[in-house]
Amino acid sequence: MELTKNFEPTAIEAKWYKHWIDKGYFNSTPDEREPYTIVIPPPNVTGVLHMGHCLNNTIQDILIRRARMEGKNACWVPGTDHASIATEAKVVAMLRERGIKKSDLSRAEFLTYAWEWKEKYGGIILQQLKKLGCSLDWNRTAFTMDDDYYKAVIEIFIRLFNDGIIYRGLRMVNWDPASKTALSDEEVIFKEIDSKLYFVQYPLVDGGGAITVATTRPETILGDVAICVNPLDERYKNLVGKQVIVPIINRKIPVIADEYVTMDFGTGALKITPAHDKNDNELGRKHNLKALNTLDAEGKFTAEELMHENPNAQVLAYNGIDRFELRKLIVKDIEAIGQVQKIEEYKGQVGTSERTGAIIESRLSLQWFMDMKKFIALNPEVISSVATDEIKLHPAKLKNTYSHWMNNIKDWCISRQLWWGQQIPAWYDEEGRFVVAENEEKAKEIFNSQYSTSNVQLKQDEDCLDTWFSSWLWPMEVFKGISNSNNADANYYYPSTTLVTGQDIIFFWVARMIMAGYAFKKEMPFKDVYFTGMVRDTQGRKMSKQLGNSPDLLGLIDKYGADATRFGIMIASPAGNDLLFDESSLEQGRHFNNKLWNALKLIKNWELRIRNEEDTNLQSQLTTHHFALDWFENRLNEVQLEVDELIKQFKLSEALKVIYSLIWDDFCSWYLEWAKPGFEQPIEASVYEKTIKFFEELMQLLHPFMPFVTEEIYQLLKEQKEDLCIRQSIGNKQIAIDKNILTQGTILKQVITSIREARAKNQLKPKETIDLHIQTIDVENYKAIETILSKQVNAQTISFTNEAIANTIVVVVENDKFYIASEKEIDTASLKETLLKDLEHQRGFLVSVQKKLSNEKFVANAKPEVLAVEQKKQADAEARIKTIEESLSTM
RNA sequence: GGGAGUUUAGCUCAGUUGGUUUAGAGCAUCUGCCUUACAAGCAGAGGGUCACAGGUUCGACUCCUGUAACUCCCACCA
């Protein structure tokens, strides 16, 4: 069979993915096996695959493929999230392009467009996951707006309302003027921006001066209802209780005192605008002040609430002006009347919308909330499960973050002024009285009995629920655990095994899933949470469209192949740390593909020896190979155990490194070189079989990380009964490891390397042969590996000696000496230098060991095994020094 | 302002309850090789007073304290 020069991924990847799908390997149904369940963090239905998804899903695929090979019933559920704000924004933008305004559409019409859009673009990201090789059970693809899912969300809302946990209230909320909706606290991102601090004078009504206030938001001045100072502030003590005049609108407002105000910030006087600031609002309520709203839903000025004051023309002229424009205008107008004392540069924190980036307004608004303190009190496992590691977070440092958030939790604003999402199941009559019910009919029934009415006309709440109020049910509802509780799937797969997600959504999603799990299923939603870091560029910057540093993932897969992409992203992704993405690691992955491919080519070119008992070569070949086979088998077992352990600890990057090195160094560089037959010589059948077996096991070990190339090679190695994808590993069977043979292997490698080094230093070309004389007390040991040794250092003869050989290069390994004889002139000077350097090092080392051993306190306090190790170190060093000195003396 | 974390080779990271030959790997660098699986390769090499300063200990990369730098989370001092 002719194999291509290099591994060519594209066609091979498509072939195997289709084959696996056709065979239904990724589909799972409950059976008697132990389940291993992962639910995908549902990407936004509008999304396309980016590096974060790539990292995240590669990790999930590694875990799920490994579980599948370990004989577990592996189930990885795909799906998408309806992402109300993001999707609605995209639909609105699409409509705008078609010349349609959202405000001209009815809710039903708008939703028709939205679904149309979802059907058209919604599947893209899932298709992209297939390219990456993700072994998801596509039959289970879920969407947070599926009918059943929708019903489940509504059911939960009603349940929590009836339990008194969900309530409706007029509160200050975070308002996003771009999407015109309220947001939860978690959706507000604080950013530092350069702004200005304006010092504005408010003249006293009685005359006799003014009080100066420092503000960053002069555009809200027209809504001011008081000036507040600290009661201890000597500067203002005599002004408390007096009245000042608000510029432009000329409203008379009182000067009040409250400890809230810090004396040493600004002027120590704070203007109170209860309609536009959370703290002002609280102060306003405390001091019985009216809230005067001057900004509308889009953040534009409105004089509506000022009309009873008969505002002047100047005020009315502000109508409809955007808040930032308004700021400049008002400052200009106050400057015109000479009441701006000064303007300072100021760095301030400002809240922005996580989705739209718009600067958040605090706004008084009637919204739906969840009483989180009450909710958690009813489900205390939410906090204890993480604290006691019943649910394990990786990395564990996030436990602190989690518990801190939980213990300081605030009420969750769950209503959004959007249409794309689960519509709030509250029904109102004309007076604003309401009931909560799953449909209109039920609502009327409840309403009539609650308010003793009949024939009432009810209207459903216009708003929909926060997307996270649906995605927090994900691990249970993908198995219909709410809409059809107690079904076979939910009982079998829930709780899921592992969740893999980004640290950035620990509060948005992970914490809330844990709440939902204990509240609605009385059980944790998952046992382990593996948090990935952020994907950044080589300079540590976040990936962003603006910076243009976000690579095109599908382009990378086309260029390097999915396996190399997976390798590249995993090898550079230390557990719990951010991943600094560098394309060169994908290149390393591609090289690794080719390395595997070439090893396959080597083996496929071997010709089997026809067995002939009289063949004397055969016997010698067998003896030689015996060591290589034995050594590699043990090495393989050792690494298998090591990888097991690493994966249990979610150290996937480490595991991959270990496998990489096992294949590249131990298998290719050492084992294959030792086992391969001489030029144009056939190979002994038993060695061939064993090598194939090793290669198969290596492919199995690597398969979860690089599924395509390993499956391809596995199939090409020999006629296979089953596919690698579902090949079962030996499992937990205790593998005994012969430490002795591993040590021997290490020494052999050391001998080879040292002799090669000596050759290189003496300018012996690889082709030039040497005669090797070994001085050792373990002649038998070396006889067993004689052939390997001679091949690896290009020695034409190997002999054993009891004394130094003149005119040779001396190499010392452990306590053995190797004399390299060649026709070339020997550079004794450099040889001597090498030996002296080694001698110096050994002596230094010996001194440090002796120092330790002559320390009475050490001998008295150290554990016996530590003492023994030190004594052995001393003996070894002494022996080595003696050997080196002997060598030097013969020169 | 509060809390957490990080600091080990040019870069990215390992380093298990303090003692495994006076610290390891990959990438990068340098040297020599087109050796019949692989130059996308092979064989070698160089490179670190483990951020800094103290302390505990017979012994510290490892434990404690302080300092510095960076990162993240929480918190709307206008």
Side-chain angles (χ1 to χ4, degrees), chain A residues 3 5-7 174 185 188 190 197 213-217 228 260-262 264-267 269-273 277-280 346 348-351 360 362 395 397-398 400-401 404-405 408 503 506-507 533-534 538 540 571-574 576-580 582 584-585 587-588 590-606 649 651 653-654 657-658 660-661 668-669 672-673 676 679-680 752-753 756-757 759-761 763 765-767 794 841-842 844-845 847-849 851-852 855-863 865-867 869-870 872-874 876-877 880:
Chain A
L3 292 173
K5 183 171 188 304
N6 288 321
F7 178 67
N174 307 299
D185 293 344
V188 179
F190 283 91
L197 198 54
V213 164
T215 178
T216 54
R217 302 207 56 198
C228 192
Y260 169 77
V261 181
T262 40
D264 52 6
F265 185 87
T267 62
L270 169 69
K271 74 186 198 65
I272 306 293
T273 323
D277 185 280
K278 252 182 207 166
N279 294 314
D280 286 13
Y346 181 71
Q349 295 269 72
V350 69
I360 295 299
S362 284
K397 66 179 177 188
L398 288 170
N400 285 333
T401 314
H404 182 263
W405 186 77
N408 294 283
Q503 293 180 13
I506 180 169
F507 306 134
M534 190 82 75
T538 42
I571 203 82
S573 181
N577 279 4
D578 284 351
L579 157 66
L580 302 190
D582 188 350
S584 71
S585 62
E587 213 170 313
Q588 197 189 342
R590 183 165 58 184
H591 295 177
F592 189 33
N593 273 335
N594 287 326
K595 188 69 182 176
L596 297 169
W597 192 247
N598 279 306
L600 173 73
K601 274 173 25 188
L602 170 70
I603 292 170
K604 293 309 275 184
N605 283 332
W606 281 347
Q649 296 169 39
K651 293 184 175 175
S653 155
E654 283 291 301
K657 278 179 191 166
V658 167
Y660 175 79
S661 162
C668 293
S669 295
L672 286 180
E673 292 300 331
K676 84 178 175 193
F679 183 48
E680 289 193 334
I752 292 168
T753 304
R756 280 172 175 172
E757 186 190 340
R759 289 184 55 122
K761 279 214 174 109
Q763 271 94 43
K765 298 256 186 261
K767 275 183 180 162
N794 197 15
H841 177 265
Q842 292 299 330
F845 176 68
V847 168
S848 80
V849 176
K851 220 159 127 190
K852 229 183 231 184
N855 183 326
E856 281 171 32
K857 286 187 177 170
F858 169 72
V859 180
N861 294 330
K863 288 184 234 158
E865 59 266 33
V866 173
L867 198 62
V869 168
E870 293 301 320
K872 184 173 186 306
K873 279 190 207 167
Q874 183 181 19
D876 286 355
R880 253 193 86 99

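What's counted below: heavy atoms across the whole structure, side chains too, no hydrogens, waters or symmetry copies. In what follows, every chain begins at residue 1, and chains take the letters A, B, ... in the order their sequences are listed.
Nearest nucleotide to the side chain of Lys397(A), out of A37(B), A78(B), G5(B): G5(B).
Of the two residues contacting RNA chain B, namely Glu757(A) and Glu654(A), the nearest-nucleotide position lying further toward the 5' end is that of Glu654(A).
Lys5(A) has its NZ atom 8 Å from the C1' atom of A40(B), to the nearest Å. For the pair Arg756(A) CZ and A43(B) P, the interatomic distance rounds to 6 Å; values are reported in whole Å. Going from atom CH2 of Trp597(A) over to atom C1' of A37(B) covers 12 Å, rounded to whole Å. Distance NZ (Lys761(A)) to C1' (G46(B)): 11 Å, rounded to an integer number of Å. In this entry the distance linking CD of Gln349(A) with P of C77(B) reads 9 Å, nearest Å. The distance between atom CD1 of Ile506(A) and atom P of C73(B), rounded to the nearest whole Å, is 11 Å. Across the protein-nucleic acid pair, Leu580(A) atom CG and U71(B) atom C1' stand 12 Å apart, rounded to whole Å. In this structure, the CG atom of Asn577(A) is 14 Å from the C1' atom of C70(B), given to the nearest Å.
Atom CD1 in Ile272(A) sits 4.5 Å away from atom CG in Asp280(A) (nearest 0.5 Å).
Phe265(A) has its side chain out of reach of Leu270(A): every pair of non-hydrogen atoms, C-beta onward, lies at least 4.5 Å apart. Inter-residue side-chain proximity for Arg590(A) and Phe7(A) is flagged as unmet; no heavy-atom pair is nearer than 4.5 Å.
Listed by chain and number, the residues in a side chain to side chain contact (heavy atoms under 4.5 Å, CB included) with Arg880(A) are Val812(A), Asn815(A), Asp838(A), Gln842(A), Ile884(A) (sequence neighbours excluded).
Heavy atoms of Lys873(A) sit under 4.0 angstrom from primed sugar atoms or phosphate atoms, though from no base atom. Contact annotation for Ser669(A): backbone-only contact, meaning every heavy-atom pair under 4.0 Å involves sugar-phosphate atoms and none involves a base. Base contact: Gly844(A) has a heavy atom under 4.0 Å from a base atom. Using a 4.0 Å heavy-atom distance criterion, Phe507(A) is classed as a sugar-phosphate-only contact.
Residue Thr753(A) places no side-chain atom within donor-acceptor reach of the base of A43(B), judged by atom type and a 3.5 Å distance cut-off alone. A donor-acceptor contact under 3.5 Å is formed by the side chain of Asn594(A) with the base of A40(B). One can find a donor-acceptor pair under 3.5 Å joining the base of C77(B) and the side-chain atoms of Thr262(A). Put simply, the side chain of Glu673(A) and the base of A37(B) share a donor and an acceptor less than 3.5 Å apart.
Nucleotides C30(B) and U22(B) are separated by 26 Å at their C1' atoms, to the nearest Å.
Contact annotation: His404(A) side-chain N/O to A4(B) OP1/OP2 distance is not under 4.0 Å. The phosphate of C77(B) (OP1 or OP2) has no side-chain N or O of Tyr346(A) nearer than 4.0 angstrom. Phosphate contact (OP1/OP2 of C42(B), side-chain N/O of Lys767(A), threshold under 4.0 Å): absent. Phosphate proximity of C77(B) to Lys271(A): absent, as no side-chain N or O sits under 4.0 Å from OP1 or OP2. Contact annotation: Lys657(A) does not reach the phosphate of C13(B) (side-chain N/O to OP1 or OP2, under 4.0 Å).
Between the side chains of Lys601(A) and Asn598(A), a donor-acceptor pair is found at a separation under 3.5 Å.
Aromatic ring orientation, Trp405(A) versus Phe507(A): parallel (interplanar angle below 30°, classes split at 30° and 60°).
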